[in-house]
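Below, read A as the first sequence line, B as the second, and so on, with proteins coming before strands; counting in each chain starts at 1.
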Protein chains: 2
Amino acid sequence: MSDLLERLRGRGWRMTAQRRVVAEVLGGEHVHLTADEVHSRAVAKLPEISRATVYNTLGELVSLGEVLEVSTDKRAKRYDPNAHRPHHHLVCAQCGAIRDVHPSGNPLADLPDTERFGFTVSDVEVTYRGICPNCAAA
Amino acid sequence: MSDLLERLRGRGWRMTAQRRVVAEVLGGEHVHLTADEVHSRAVAKLPEISRATVYNTLGELVSLGEVLEVSTDKRAKRYDPNAHRPHHHLVCAQCGAIRDVHPSGNPLADLPDTERFGFTVSDVEVTYRGICPNCAAA
DNA sequence: GCTCGACTTGGACTGAGTCCAATGCGGGCT
DNA sequence: AGCCCGCATTGGACTCAGTCCAAGTCGAGC
């Protein structure tokens with residue numbers, strides 16, 4: 001994910017240890033982390049990093065479009081580093097597990113003009129809900 | 001919306017002034033209220049009603065399937081009394097306005113088996129985002 | 001009209017996130 | 001290399017939405 005760092009530098013970001021750490025955490029294997037999870041993983045690499053900085057950095061990454069905010073769960077926002085490949089989410093109603101999915105078809109096209117009420121529609125967010133195999137077995 | 005009250009009675013609900021008021025508020029013209037908005041409207045009709053009761057009642061209505069919880073906005077859950085006609089939401093990214101929409105086609109069908117990872121998928125939630133005419137004009 | 005248990009109350013509590021004034025430090029300039 | 005400016009970070013207080021709980025209330029079946 002050092003290409004992410006490159007892109008950020010290119011956008012005039014001042015490169016600080018904290019931002020590097022947050023970017024690294026998002027680049028790791030775990031997807032869909034909450035802000036607090038990002039923070040605690042970041043603390044492991046850079047003990048003095050503060051919660052506020054993690055929130056700031058995540059917010060900036062989101063507004064740059066490098067990271068996606070998903071709120072499948074009602075408790076906390078989650079951050080999805082996989083922002084460059086459009087995808088949707090499949091959530092287990094029981095355990096909260098999240099998977100990325102790629103439906104066929106474009107739901108944007110399913111919204112007829114008569115149902116747009118003059119809005120300029122730019123984005124769709126689709127969340128499928130169900131029971132994951134683990135929870136079904138239990 | 002007194003048919004709602006009927007249905008609730010039929011399900012063994014004890015009919016209290018508080019529950020009646022909450023049901024009335026949801027039956028009014030306003031849709032997509034937050035819990036706090038429901039509470040303040042309820043207080044107008046029944047000053048002693050407590051926040052806890054409003055939350056309880058909303059929660060019960062949701063689990064009975066009479067009301068839908070929507071979380072388009074990251075701040076607070078909103079409650080949508082229009083639970084009996086399946087629909088999705090169109091949200092203004094600027095002012096937060098919400099409209100109900102009825103897309104053609106069923107997004108559930110767009111999720112191929114290969115993308116279900118063994119989940120039993122039972123529900124989809126679609127949120128369209130864009131700019132409403134008002135905000136576009138401003 | 002009594003009684004019992006479901007319902008309500010309100011205040012304390014939690015968890016997620018935001019704000020802000022003081023301080024630190026990246027990096028362009030010389 | 002060293003300075004300096006201003007962007008970034010810090011941490012602690014604060015807000016906002018929602019949950020919890022023990023005590024008190026009251027709907028409705030008998």
Side-chain angles (χ1 to χ4, degrees), chain A residues 5-25 32-64 66-80 96, chain B residues 5-6 8-25 32-64 66-80 96 98:
Chain A
L5 292 177
E6 285 314 315
R7 283 201 299 279
L8 296 176
R9 209 181 316 255
R11 302 213 203 200
W13 260 36
R14 179 175 295 185
M15 227 355 101
T16 65
Q18 292 80 349
R19 289 175 167 181
R20 214 171 300 118
V21 165
V22 170
E24 273 172 29
V25 168
H32 308 309
L33 298 169
T34 63
D36 270 353
E37 285 163 353
V38 172
H39 177 236
S40 50
R41 280 176 168 63
V43 165
K45 300 178 185 239
L46 182 72
E48 332 81 66
I49 194 171
S50 79
R51 269 177 6 103
T53 298
V54 172
Y55 277 105
N56 287 344
T57 308
L58 288 172
E60 288 157 2
L61 286 169
V62 168
S63 62
L64 290 179
E66 293 291 344
V67 160
L68 235 50
E69 219 175 62
V70 300
S71 38
T72 51
D73 168 351
K74 266 85 201 193
R75 313 290 273 146
K77 296 177 195 168
R78 293 175 174 276
Y79 293 88
D80 187 339
Chain B
L5 291 176
E6 285 314 317
L8 296 177
R9 210 182 314 257
R11 302 214 204 200
W13 261 37
R14 180 176 295 185
M15 231 348 106
T16 65
Q18 291 81 349
R19 289 176 166 179
R20 214 173 299 118
V21 165
V22 170
E24 273 172 30
V25 168
H32 307 309
L33 297 169
T34 64
D36 271 352
E37 286 164 353
V38 172
H39 177 236
S40 51
R41 282 177 168 64
V43 164
K45 300 178 185 240
L46 183 70
E48 332 81 68
I49 194 170
S50 79
R51 269 177 6 103
T53 297
V54 172
Y55 277 104
N56 286 344
T57 307
L58 287 173
E60 287 157 2
L61 286 168
V62 168
S63 63
L64 289 179
E66 294 291 343
V67 160
L68 234 49
E69 219 174 63
V70 301
S71 38
T72 51
D73 168 352
K74 266 85 200 192
R75 313 289 274 146
K77 295 177 195 168
R78 294 177 173 275
Y79 292 89
D80 186 339
I98 305 176

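- Counting non-hydrogen atoms under 4.0 angstrom, Ala52(A) reaches a base of the nucleic acid.
- Leu64(B) and Arg11(B) get closest at one heavy-atom pair: O-NH2, 3.5 Å.
- Atom CG of Leu61(A) and atom P of dA8(D) are 12 Å apart (whole Å).
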Show the numbers, then the answer: is there a side chain to side chain contact (heavy atoms under 4.5 Å, CB included) between Tyr79(A) and Leu61(A)?
-> CA-CA 10 Å; Tyr79(A) 293 88; Leu61(A) 286 169; over 6 Å; no
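- Across residues 32-43 of chain B, not one residue has a non-hydrogen atom less than 4.0 Å from an atom of DNA chain C.
- Put simply, CZ on Arg19(B) is 9 Å from C1' on dT8(C), counting in whole angstrom units.
- Atoms CD1 (Ile49(A)) and C1' (dT10(D)) sit 11 Å apart, rounded to a whole Å.
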Worked verdict on Val25(B) versus Lys45(B) for side chain to side chain contact (heavy atoms under 4.5 Å, CB included) = CA-CA 9 Å; Val25(B) 168; Lys45(B) 300 178 185 240; 4.3 Å; yes
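- OP1 or OP2 of dG18(D) has at least one side-chain nitrogen or oxygen of Tyr55(B) nearer than 4.0 Å.
- When all heavy atoms are compared, the tightest approach of Thr34(B) to Ala76(B) is CG2-CB, 4.1 Å.
- Summarising the geometry, the separation between CG on Leu58(A) and P on dG17(C) is reported as 9 Å, rounded to the nearest angstrom.
- Shown here for Ala35(B) and Val54(B), the closest heavy-atom pair between the two residues is O-CG1, 3.9 Å.
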Determine, for nucleotides 24-30 of chain C in 5'-to-3' order, which nucleotides have protein heavy atoms under 4.0 Å from the base (write B), from only the sugar-phosphate (write S), or from neither (write -).
-> -BBS---
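- Rounded to a whole Å, the CZ atom of Arg78(A) is 12 Å from the C1' atom of dA16(C).
- Paired with His32(B) under the rule side chain to side chain contact (heavy atoms under 4.5 Å, CB included), one option of Thr72(B), Asp80(B), Leu68(B) passes, and it is Asp80(B).
- For the pair Thr53(A) and Gln18(A), the tightest heavy-atom approach, listed with the atom from each and the gap, is CG2-CB, 3.8 Å.
- Using a 4.0 Å heavy-atom criterion, one finds that Arg51(B) contacts the bases of the nucleic acid, with or without backbone contacts as well.
- Contact between the side-chain N/O atoms of Thr53(A) and the OP1/OP2 oxygens of dT10(D) is found at a separation under 4.0 Å.
- One can place CD of Gln18(B) at 10 Å from P of dG10(C), the figure rounded to the nearest angstrom.
- Taking atom CD of residue Glu48(B) and atom C1' of nucleotide dG10(C), one finds them 13 Å apart after rounding to whole Å.
- Nucleotide dG18(D) holds its C1' atom 8 Å from the CZ atom of Arg75(A), rounded to whole Å.
- One finds no salt bridge joining Glu69(A) and Arg78(A) here, because no Lys/Arg side-chain nitrogen approaches an Asp/Glu carboxylate oxygen to under 4.0 Å.
- Listed by first and then second residue, the salt bridge (Lys or Arg N to Asp or Glu O under 4.0 Å) pairs that reach into residues 54-64 of chain B are Arg19(B)-Glu60(B), sequence neighbours excluded.
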